[in-house]
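Read through the structure below, which is laid out as structure tokens, and then see the notes.
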Amino acid sequence: MLLRPEDWAAIRLTLELAGTTTVLLLVLTTPLAWWLAHTRSRWRGPVGAVVALPLVLPPTVIGFYLLVTMGPNGPIGHLTQSLGLGRLPFTFAGLVVGSLVYSLPFAVQPLQRAFESIGNRPLEVAATLGASRIDTFFTVALPLALPGFITAAVLSFAHTVGEFGIVLMLGGNIEGVTRVVSVQIYDHVEAMEYARAHWLAGGMVAFAFVVLVALQWLQPRDQRNAAPL
């Protein structure tokens, strides 16, 4: 078998990181996406720009500033140590924090578009029937935005699986703790173990292809059948 136990450990850790990040992102970004979709505040533009920063910034830049912020001399590092939580860098928890930041726009933007596509009419109808804002959100908005939640979950999971720069900057290369698949491939290449690197890299390519096909099928039928411009 070309995959060693440490390869399987990296795969398990990657799936655990991606799953944890996806669940947390869906929970934490739903209120933010709802606010961005409906607010008229002047802060909408700056907040939306901050959310989109990971799309244009190099992962190493994000990883560097997270490392400084969560390090022993950083504000978050001071806070976690004062709370008895220790330091986040080079731990699985630190990887989760980095993944939340890095994959933020892949969760927020699909949810925001889904909430915007609902329009005001269904919400107004629910209000005229006596539903509170909370009831309207959970019984009307969330079901109608379900395709957006599925897209956000798929994109967040896939994007986290493919991380390299941030996990290397923030987590290093600790077997069973922070060594994910992308780092494991890098290790195999450095050791000139190309056959093992091919197995892991090929799996990543196949995974990416499946994700892209799934996203195509998750689009509304009228968009899939639309003629290209």
Side-chain angles (χ1 to χ4, degrees), residues 10 13-37 39 41-71 74-77 79-80 87-116 145 147-173 178-186 204-205 207-208 211-212 214-215 218:
L13 184 65
T14 302
L15 295 177
E16 183 179 354
L17 176 63
T20 302
T21 299
T22 300
V23 172
L24 290 176
L25 276 176
L26 292 179
V27 173
L28 296 175
T29 62
T30 296
L32 176 59
W34 178 262
W35 181 82
L36 287 171
T39 186
S41 171
R42 62 181 180 178
W43 291 102
R44 183 180 187 273
V47 172
V50 170
V51 168
L53 273 178
L55 295 174
V56 296
L57 283 177
T60 50
V61 172
I62 302 174
F64 169 71
Y65 282 111
L66 286 176
L67 183 62
V68 172
T69 303
M70 296 191 297
I76 297 179
L79 177 62
T80 56
R87 301 175 185 176
L88 292 177
F90 308 109
T91 66
F92 181 79
L95 287 188
V96 171
V97 174
S99 299
L100 290 175
V101 175
Y102 188 48
S103 296
L104 183 66
F106 293 87
V108 173
Q109 292 182 355
L111 293 179
Q112 180 183 344
R113 289 194 294 268
F115 287 139
E116 289 172 346
F149 277 89
I150 296 174
T151 301
V154 172
L155 285 176
S156 300
F157 190 93
H159 193 247
T160 304
V161 167
E163 289 180 32
F164 177 73
I166 282 188
V167 296
L168 194 60
M169 289 285 292
L170 197 57
N173 188 1
T178 61
R179 186 187 296 171
V180 295
V181 169
S182 56
V183 177
Q184 186 74 1
I185 294 173
Y186 179 77
M204 295 283 283
V205 172
F207 174 76
V211 167
L212 292 175
L215 287 176
L218 287 172

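Computation of the quantities below employed the complete heavy-atom set of this structure, encompassing side-chain atoms and omitting hydrogens, waters and symmetry-equivalent molecules.
No donor-acceptor pair closer than 3.5 Å links the side chain of Ser103 to the backbone N or O of His159. A donor-acceptor pair under 3.5 Å is absent between the side-chain atoms of Arg87 and the main chain of Gly71, judged by distance alone. The backbone N or O of Val181 lies less than 3.5 Å from a partner atom in the side chain of Thr14, making a donor-acceptor pair.
Taking both residues in full, the closest heavy atoms of Phe115 and Ala33 are given as CD1-C, 3.9 Å, listed atom of the first, atom of the second, then distance. Heavy-atom minimum distance, Leu24 versus Val96: CD1-CG1, 3.8 Å. Of all heavy-atom pairs spanning Leu88 and Ala93, the tightest one is CD2-CB, 3.9 Å. The two residues Ala153 and Thr22 come nearest to each other via the heavy atoms O-CG2, 3.6 Å. Of all heavy-atom pairs spanning Ala152 and Ala107, the tightest one is CB-O, 3.7 Å. For the pair Thr39 and Ser41, the tightest heavy-atom approach, listed with the atom from each and the gap, is OG1-N, 3.0 Å.
Rounding to the nearest 0.5 Å gives a distance of 12.0 Å between CG of Leu36 and CZ of Arg113. The CG atom of Leu155 lies 12.0 Å from the CD1 atom of Ile150; values are rounded to the nearest 0.5 Å. Note that CZ of Phe64 and CD1 of Ile166 are 13.5 Å apart. Values are rounded to the nearest 0.5 Å. Thr29 contributes atom OG1, which lies 14.0 Å from atom CH2 of Trp34 (distance to the nearest 0.5 angstrom). Note that CG of Leu66 and CD1 of Ile76 are 7.5 Å apart. Values are rounded to the nearest 0.5 Å. How far CD1 of Ile62 is from CD of Glu163: 9.5 Å, rounded to the nearest 0.5 Å.
You'll find the side chain of Thr178 stays beyond 4.5 Å of the side chain of Val183, heavy atoms only. Taking the side chain as every heavy atom from C-beta outward, Tyr102 and Leu57 never approach each other to under 4.5 Å. Counting heavy atoms from C-beta on, the side chains of Phe106 and Pro54 never come closer than 4.5 Å. With a 4.5 Å cut-off on side-chain heavy atoms, Val97 and Met70 count as touching. Using a 4.5 Å heavy-atom cutoff, the side chains of Ile185 and Met204 are in contact.
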Task: Phe157/Val211 under side-chain contact (heavy atoms from CB on, under 4.5 Å): CA gap, chis, key distance, verdict - done: CA-CA 10 Å; Phe157 190 93; Val211 167; over 6 Å; no
TODO: Check step by step if side-chain hydrogen bond (donor to acceptor under 3.5 Å, both in side chains) holds for Thr160 and Ser99.
DONE: CA-CA 6 Å; Thr160 304; Ser99 299; 5.0 Å; no
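Between Phe164 and Tyr186, the angle of the ring planes lies from 30° to 60°, which puts this pair in the tilted group.
For the side-chain contact (heavy atoms from CB on, under 4.5 Å) criterion with Pro105, the lone passing option out of Val50, Leu53, Leu55 is Leu55.
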